[in-house]
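One structure is given below, encoded as C-alpha cells.
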Number of protein chains: 2
Amino acid sequence: MLSSKAKYAVRAALQVAELGRDADWVQVAGIAQREAISRKFLEAILVRLRDEGLLESRRGAQGGYRLARAAAQISVADVIRCIDGPLALTPCASRTRYGQCRDCVDVSRCRLQPLMQQARDAVAAVLENCSLAALIAAPGCVPLDV
Amino acid sequence: MLSSKAKYAVRAALQVAELGRDADWVQVAGIAQREAISRKFLEAILVRLRDEGLLESRRGAQGGYRLARAAAQISVADVIRCIDGPLALTPCASRTRYGQCRDCVDVSRCRLQPLMQQARDAVAAVLENCSLAALIAAPGCVPLDV
DNA sequence: AGCAATTCCTATCAAAGCAGTAGGAAAATG
DNA sequence: CATTTTCCTACTGCTTTGATAGGAATTGCT
C-alpha cells in the first residue's frame, strides 16, 4: 500500500503542474487547502520532492514551487519513489534501489525473486508510463486502450 | 514492500506443497529449520494460512500441515493476501477488499484511482497466474516468455 | 494408561514507521 | 522594515512489524 504521504505527493505535484503553467510559483498553503492536507505536513513532502530534483522552490513573498522538468517528463513512479521508496515488493526485485532481503538465505537460489521481478516490472510499466501531464490530460489516465 | 511474514509464508507454503505430496503432514519445526525462521513465529503464520483456508492441520504426534487444495490451485497472490492484505497500492483500487482511502476527498473525482487500478491489475496478473505448483516446477518461475 | 510429539492459544515486548504538530530561522518582495 | 513564504529541527502519539514465552489441547505410539 502507498502511504498517505505518497498520495498527497502525487496530488500536490499535479497541482503544481496545473497551476504553474506560466512559470508561476505555486504556494503550499493553497495546495494544502484545496487538497485538504495539513499545511505543515505538506511542506515536508514538497521539500522532499525538491531535494530529489522533481521540484524547484523559491522563498519569500510570491515564492512557492514549480516543476523542475516538463510535466510530461515526470512520471507518477518518480513521485511515489521519492516518498515511499522502490515500487518493488522486495528489495531484491528493485531496479532503482536493489538490496538483499534480510530474511533471504541465498539470493541465487531464491524461488521468489524472479517472480517478484516480474511483479515489479508489471507495476513499473504502468506507473512509469504515466506522466503528470498524462494524468492531467486524460480524465481517468488510461493512455493505452481508451 | 512485502513483509517478512509474507515471504516466509510463501516459502513455507512451497515446502508444504513439496514435502506433502503423499498426503503426509509436514511439521513446522522442519520448515522453520530449513528456511531459518523462528519456529514460534512460523507457527503464527501457518495458523493464519489455515484460518484462511489455504492449509489443513492436524495436531499431535505425526501431525503437521498440508495444502487444503492442489498446489496448482493456490496462487502466490492467495498466500500474500492472507498475510499482508490486498495487492493494490490503495484501498480504493483493491478488488478483494475495496475500501475508501481515508485521505480521499471525493472518490468519484480522484485522478489517481484509475491509475491505481491499472497498477493493481498488473501485479495481480503476475501473482495470481503463478501457483505454488508452477513455482516448484519452473526454476525461476517464468511461465510466459522463457 | 501414560508419554512424547505437535499444533494451538494468549500475552507480552522492543523497535521502527506513519501521520501529524510546533516553533521559529532564513530569504525574498514591496 | 513588515509581510510572505519556504526551510529546518524537534517532538509526539499511534500502529505495525517481528518476534519471544509459556503452557493448553490433541494425537499417536507403546
Side-chain angles (χ1 to χ4, degrees), chain A residues 1-9 11-12 16 19-20 24-33 35-52 54-66 68 80 82-86 89-91 101-104, chain B residues 1-9 11-12 15-16 19-20 23-33 35-52 54-66 68 80 82-86 89-91 101-104:
Chain A
M1 287 275 173
L2 292 184
S3 65
S4 294
K5 238 176 183 163
K7 282 180 275 181
Y8 290 158
R11 297 210 181 97
V16 172
L19 303 176
D24 280 340
W25 300 92
V26 183
Q27 286 84 39
V28 173
I31 302 175
Q33 200 181 359
E35 298 287 343
I37 313 174
S38 146
R39 195 192 99 242
K40 283 291 198 178
F41 195 43
L42 183 56
E43 278 181 13
I45 294 169
L46 293 184
V47 163
R48 180 120 186 92
L49 295 186
R50 184 210 50 170
D51 287 346
E52 295 290 324
L54 298 189
L55 300 181
E56 289 173 346
S57 67
R58 218 164 81 170
R59 302 212 245 195
Q62 269 71 50
Y65 289 90
R66 70 180 176 197
I80 291 177
C82 277
I83 306 295
D84 278 0
L89 281 86
T90 57
C101 304
R102 261 171 295 168
D103 47 60
C104 189
Chain B
M1 288 274 172
L2 293 184
S3 67
S4 294
K5 237 176 185 163
K7 282 181 275 182
Y8 290 158
R11 296 210 180 97
Q15 292 232 357
V16 172
L19 303 177
D24 280 339
W25 299 92
V26 183
Q27 286 85 37
V28 172
I31 301 174
Q33 201 182 359
E35 297 287 343
I37 313 173
S38 145
R39 194 189 101 243
K40 283 292 198 177
F41 194 44
L42 183 56
E43 278 182 11
I45 294 169
L46 293 185
V47 163
R48 179 119 186 93
L49 296 186
R50 184 209 51 169
D51 287 346
E52 294 290 325
L54 297 189
L55 299 181
E56 289 173 346
S57 67
R58 218 164 80 173
R59 299 213 248 195
Q62 270 73 49
Y65 288 91
R66 69 179 177 199
I80 291 176
C82 277
I83 307 294
D84 279 358
L89 288 131
T90 57
C101 303
R102 260 172 296 167
D103 46 59
C104 189

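Below, all heavy atoms of this structure are taken into account, side chains as well, without hydrogens, waters or symmetry copies.
- The nearest pair of heavy atoms linking A:Leu42 to A:Ala32 is CD2-N, 3.6 Å.
- No donor-acceptor contact under 3.5 Å links the side chain of B:Lys40 to the base of D:dG18.
- As a whole-Å value, the separation of B:Ile83 CD1 from D:dT16 C1' is 14 Å.
- Checking the phosphate oxygens (OP1, OP2) of C:dA25, no side-chain nitrogen or oxygen of A:Arg59 falls inside 4.0 Å.
- In this model, the phosphate group of D:dT17 is not approached by any side-chain N or O of B:Ser4 to a distance below 4.0 Å at OP1 or OP2.
- In this structure, B:Arg48 places its CZ atom 15 Å from C1' of C:dC8, rounding to the nearest Å.
- In this structure, the nucleotide among D:dG28, D:dG18, D:dC8 sitting nearest to the side chain of B:Ser3 is D:dG18.
- Taking atom CG of residue B:Leu42 and atom C1' of nucleotide D:dT17, one finds them 16 Å apart after rounding to whole Å.
- When the side-chain nitrogen and oxygen atoms of B:Ser57 are compared with OP1 and OP2 of C:dT6, none of them lie within a distance under 4.0 Å.
- Counting heavy atoms from C-beta on, the side chains of A:Arg11 and B:Asp103 come closer than 4.5 Å.
- Under 4.0 angstrom from either OP1 or OP2 of D:dG28 there lies at least one side-chain N or O belonging to B:Arg58.
- When rounded to the nearest whole Å, the span between CZ of A:Arg39 and C1' of D:dT6 equals 9 Å.
- Counting only heavy atoms from C-beta outward, the side chains of A:Val47 and A:Arg50 approach each other to under 4.5 Å.
- As rounded to whole Å, 10 Å separates atom P of D:dG18 from atom CG of B:Leu2.
- Checking C:dA19, D:dG18, C:dC8 against every side-chain atom of B:Lys5, the shortest atom distance belongs to D:dG18.
- Regarding B:Gln62, its CD atom lies at a distance of 13 Å from the C1' atom of C:dT7, rounded to whole Å.
- Phosphate contact (OP1/OP2 of C:dA19, side-chain N/O of A:Tyr8, threshold under 4.0 Å): absent.
- A donor-acceptor contact under 3.5 Å links the side chain of A:Glu43 to the base of D:dC7.
- In this structure, of D:dA24, D:dG18, D:dG28, it is D:dG28 that holds the atom nearest to the side chain of B:Ala61.
- Interatomic distance, CH2 of B:Trp25 versus CG of B:Leu55, reported as 10.0 Å (0.5 Å rounding).
- Nearest to the side-chain atoms of A:Phe41 among the listed nucleotides C:dT21, D:dC7, D:dG23 stands C:dT21.
- Across the protein-nucleic acid pair, A:Leu49 atom CG and D:dC7 atom C1' stand 15 Å apart, rounded to whole Å.
- Atoms CD (B:Glu56) and P (C:dC8) sit 11 Å apart, rounded to a whole Å.
- Separating the SG atom in A:Cys82 from the CG atom in A:Asp51 is a distance of 9.0 Å, to the nearest 0.5 Å.
- In terms of modelled atom types and a separation under 3.5 Å, the side chain of A:Gln27 and the main chain of A:Gly63 share a donor-acceptor contact.
- Relative to the side chain of B:Gln27, the nucleotides D:dT5, D:dC7, C:dT7 differ in distance, and C:dT7 lies closest.
- Between D:dA19 and A:Arg102, no contact under 4.0 Å exists linking OP1 or OP2 to a side-chain N or O.
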